[in-house]
Each structure stands twice: as structure tokens, then as C-alpha cells.
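The block underneath contains the structure these notes are about, expressed in C-alpha cells.
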Amino acid sequence: MKILVVGGGGREHAIVWKLKASNSVHKIFCAPGNPGIAESAECVALQINQSTELADFAEANKIDLTVVGPEDPLTDGIVDYFEKRNLPIFGPNRQSALLEGSKTYAKKVMKRFNVPTASYCEFDDFAEALAYVKEQGLPIVIKADGLAAGKGVTVAETLEEAETALQAAMLQKIFGESGTKVVIEECLLGEEMTVLAFVDGVTVLPMVPSQDHKPVFDGDRGPNTGGMGAYSPVPHLEHWLPEIEKSIIRPVAEGLAAEGTPFSGILYTGLMLTENGPKVIEFNVRFGDPEAQVVLPRLENDLAEVLLAVAEQRLHEINLRWKAGASVCVIAAAPGYPGPPVKGLQISLPENLVADSQIFHAGTTLQKQQLVTNGGRVFGVTAQGIDIEEARQRAYSLLEGVIFKGKHFRKDIAAKALN
Ligand code: AMP
Ligand code: GLY
């Protein structure tokens with residue numbers, strides 16, 4: 001198979017790395033890719049939003065499957081466009097991608113299929129939104145309705161924080177049109193977990209669970225990021241998996257299929273495990289970043305075969321197999337992140353990687369042959385081990401050799417699994 005991967009972050013590096021190990025794959029292209037991806041794939045100078053040019057490329061190069069990493073092209077309808085041109089592609093169409101692209105759409109889907117989630121109200125008027133916050137009390141959660149790169153959510157502990165978040169989204173429009181409508185939600189208490197699942201419309205195959213770390217600082221303090229690290233398995237929470245599959249993932253997949261809008265691709269379920277059981281925080285429609293970096297190294301199957309089976313609606317033929325042991329990913333972030341990161345900082349990396357460890361490039365580029373920072377999350381430093389303790393020690397010791405000015409990272413990735 002010849003595969004084209006769309007994207008250029010840590011998640012796409014993990015996807016390319018895993019595809020490279022697939023026996024069924026003989027050539028990988030990645031658009032736009034990054035310097036780490038370039039070690040395993042041929043990078044193509046096309047951006048993720050250039051659907052027409054990407055389809056032209058796939059057609060000219062007889063690509064057997066295009067795999068879309070990030071959400072933006074999916075919500076823009078890249079899958080609909082490829083399908084119109086009869087080009088094989090992995091991912092949900094524009095309609096299905098609304099599960100991630102619109103919080104209000106996702107909430108309505110959950111309501112229809114009785115999926116447990118936080119109670120909520122939606123607003124497009126600032127004064128009404130503020131009045132609702134005052135009426136509901138604190139803490140309370142404020143979310144931009146549309147896509148905001150993982151940064152559109154504020155868990156407000158004070159009225160001032162809530163008001164600032166509403167002003168920023170609705171009046172200052174810091175998320176553009178994505179934030180003019182907001183969802184105000186009940187604040188759920190508990191621990192979080194991510195369950196990714198392959199879905200081909202009918203068949204649902206959940207992957208091993210993982211846990212992300214959204215806030216920038218240790219102890220879950222500070223503003224939210226796209227994710228500062230992840231680990232898998234999540235031993236203290238995994239007993240919830242059958243319940244999550246039965247009361248959340250299957251009802252959504254089966255319900256959407258019955259309504260004539262089957263979901264195809266990866267359904268990402270972000271959960272809060274509350275004292276009343278699992279509740280959905282959000283759906284996404286793609287691999288998580290950095291969750292993919294810990295889940296994919298544990299997958300034993302040929303990833304290309306699984307993705308193709310989803311695209312061809314024969315996922316029932318696949319039996320997922322997982323490596324025992326654990327995988328831990330620590331994000332090395334650039335100074336400034338999650339605000340505007342410092343770009344162009346020189347990077348040095350360890351010469352050789354030991355087995356069962358990966359340095360996934362997320363925000364890097366080459367400037368005159370020198371590797372430099374080019375984004376907020378610079379690397380996903382990942383390692384496997386016989387258990388979480390070992391994987392964690394190996395990831396942190398690998399991180400010491402990843403050097404650039406002002407590098408910051410959380411020191412407590414996977415700590416919740418050890419307590
Ligand atoms: P999201 O972008 O929807 O994943 O939200 C980012 C983070 O905000 C989540 O990972 C949670 O930590 C937090 N969050 C979102 N919704 C809620 C909620 N209803 N209750 C408590 N925390 C939430
Ligand atoms: N790590 C969160 C996400 O991928 O949305």
C-alpha cells in the first residue's frame with residue numbers, strides 16, 4: 001500500500017512511525033510532515049487545508065489510502081471531497097465531524113441517545129450567558145462552541161474568571177466565530193480518561209484507554225493546553241471500559257448509523273469518571289494528541305490494515321491485539337506555550353535511541369540544516385516499559401537529552417496511576 005498522511009504534528013509522527021512498521025505499507029507520504037516524520041516518510045509541501053491539491057496528489061500518485069490526522073480538514077469536509085473524486089480516505093465526513101466541530105451538535109447527539117454528560121445551556125448573548133452563570137453558581141465550565149485547538153474551555157472557580165472567559169469568547173472573539181456561541185456546563189468532578197475507538201459505521205473496536213494531562217503545570221494547575229503528556233494503560237480506571245463501551249460508544253455509533261449518518265473513523269471519547277459513573281466531556285473525531293503517541297506503540301496489529309478495514313467497512317474482520325506493559329509520553333514544550341511559543345530556538349537531540357522509545361516531533365522545523373522549535377508542543381518524548389513506573393522513568397531520562405532553551409514539561413505525567 002501507498003499511504004498519504006495529512007498533518008505535521010506529534011500525532012501524525014506517531015501514525016507515520018506505526019505505518020512504517022506495517023508489512024502492508026511500502027511507501028508513506030506526509031503533507032506537510034515535519035523533520036522527524038521525514039525520517040520515515042516523504043514529506044510533501046502541501047498544507048492540511050489544501051483539499052484540492054491533496055486530492056490531486058493522491059490521484060497522481062495512486063495513493064491507496066489517505067489518513068487525516070487533525071480535525072480541521074475533517075470539519076472542512078476533506079473526506080466528502082475525496083469521496084466525490086473516488087479517492088480512498090480514512091476519517092469521518094463533514095456531517096460526522098460535527099461531533100467535534102460543534103459542542104452544541106455533540107450535546108444534542110448525546111441527548112438523543114441517552115449518553116451521560118454534563119448538563120448544559122447554550123448562549124449567543126453575553127448578558128444572558130452571564131446571568132445564567134450567576135444563577136447556576138460556581139464552579140462552572142465555559143466552552144466556545146466551535147474548534148479552538150483545545151484551548152476554548154475554562155473551568156471557572158470564580159465569577160470573575162467566568163466573566164473574563166465569556167468576554168474573551170463572545171465580545172473580544174479571541175476564537176473568532178468559534179466562540180461567539182458558548183456552551184455553559186455543569187462542572188464534573190472526578191478523574192479523566194480517553195477512550196479512542198475505531199468505528200466503521202457498524203463495528204466498534206475500542207483501543208486501550210489512556211489519560212491526557214491538559215493543564216500546563218504540575219498538579220493540574222494553570223491554563224489548558226492541547227495536552228502535556230499521556231500514558232496507557234490507566235490501571236486504576238480501566239474497569240470502567242465495558243460500561244463506557246455499552247452506555248456511550250455503542251449507543252452513539254449505532255444511533256448515528258440508524259439515523260442514516262454512520263460514523264467512520266476514530267471516535268475519541270473524553271470522559272470524566274464521576275461518582276455517578278462515566279460522563280462524556282467531549283467527543284473528537286480523530287486520534288488524540290498526545291494520546292496517539294502512547295496508544296499506537298502498544299498496538300500489535302498492522303495499522304494500515306486496520307485503517308483500510310475501517311474505510312472499506314469490514315472492521316468486523318479485525319481482531320485488535322495489544323502489547324502488555326505501559327507507554328508514557330511527556331511533552332517538551334517551548335517557552336511561552338500555551339501562549340504564543342518562542343520559535344527558532346536551536347535543538348539538540350540524543351544521538352541514538354534505545355529500543356522501545358520514540359522522540360515524536362510535534363513543533364520542529366529545519367533552518368539552514370539546524371533543527372529548531374516551530375510550535376508550542378515541540379516533542380512527545382515517549383517510552384515503553386514493563387509497567388508505568390518503568391515506562392515513566394525511561395521517558396523522563398530520554399527527555400534529559402532533548403535540549404533547547406526554556407524547555408518546559410510536566411514532572412508528574414502518569415503520577416496519578418502510581419498513587
Ligand atoms: P475539552 O477541550 O472539552 O476537552 O476540555 C478541556 C478540559 O476542560 C477537559 O479535559 C477537562 O479537564 C475540562 N473540562 C471540560 N468540561 C468539563 C466539565 N463539564 N467539568 C469539568 N471539567 C471539564
Ligand atoms: N489530547 C486532547 C486532544 O487530542 O484533543
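Computed over heavy atoms, backbone and side chain alike; hydrogens, waters and symmetry mates excluded. Starting from 1, each residue takes its place in the sequence as its number. Just follow the structure's listing: the first ligand is 1, and inside any ligand the first atom is 1. Predicted model, so just to flag it, every value in this text is computed and none were measured.
Closest heavy-atom approach to atom 4 (O) of ligand 2 among the candidates Arg286, Met228, Arg11: Arg286.
Under the 4.0 angstrom criterion for non-hydrogen atoms, Pro290 is in contact with ligand 2. Taking 4.0 Å as the cut-off, Phe287 does not count as a neighbour of ligand 2 on heavy-atom distance. Residue contacts with ligand 1 include Lys143, since one of its heavy atoms falls under 4.0 Å from the ligand. Heavy-atom separations between Gly288 and ligand 2 include at least one value shorter than 4.0 Å.
Residues forming a salt bridge (Lys or Arg N to Asp or Glu O under 4.0 Å) with Glu312 (at least two apart in sequence, or on another chain): Arg314.
A donor and an acceptor atom, one from each side chain of Gln384 and Gln358, are located under 3.5 Å apart.
Listed by number with element, the atoms of ligand 1 under 4.0 Å from a non-hydrogen atom of Glu186 are 18 (C), 19 (N), 20 (N).
Applying the side chain to side chain donor-acceptor pair (under 3.5 Å) test to residues at least two apart or on different chains, the pairs with a partner in residues 398-416 are Asp220-Arg410, Asp220-Lys416, Arg410-Asp412.
In summary, Lys107 and Glu185 engage in a salt bridge, as defined by a charged side-chain N under 4.0 Å from a carboxylate O. Between Glu192 and Lys214 there is no salt bridge, since no side-chain nitrogen of the basic residue lies less than 4.0 Å from a carboxylate oxygen of the acidic one. Here Glu245 pairs with Arg250 in a salt bridge; the nearest charged N to carboxylate O distance falls below 4.0 Å.
Here Val153 has side-chain heavy atoms under 4.0 Å from ligand 1, and that is the only part of it that gets that close.
Of the N or O atoms in Cys187, none lie within a sub-3.5 Å distance of an N or O in ligand 1.
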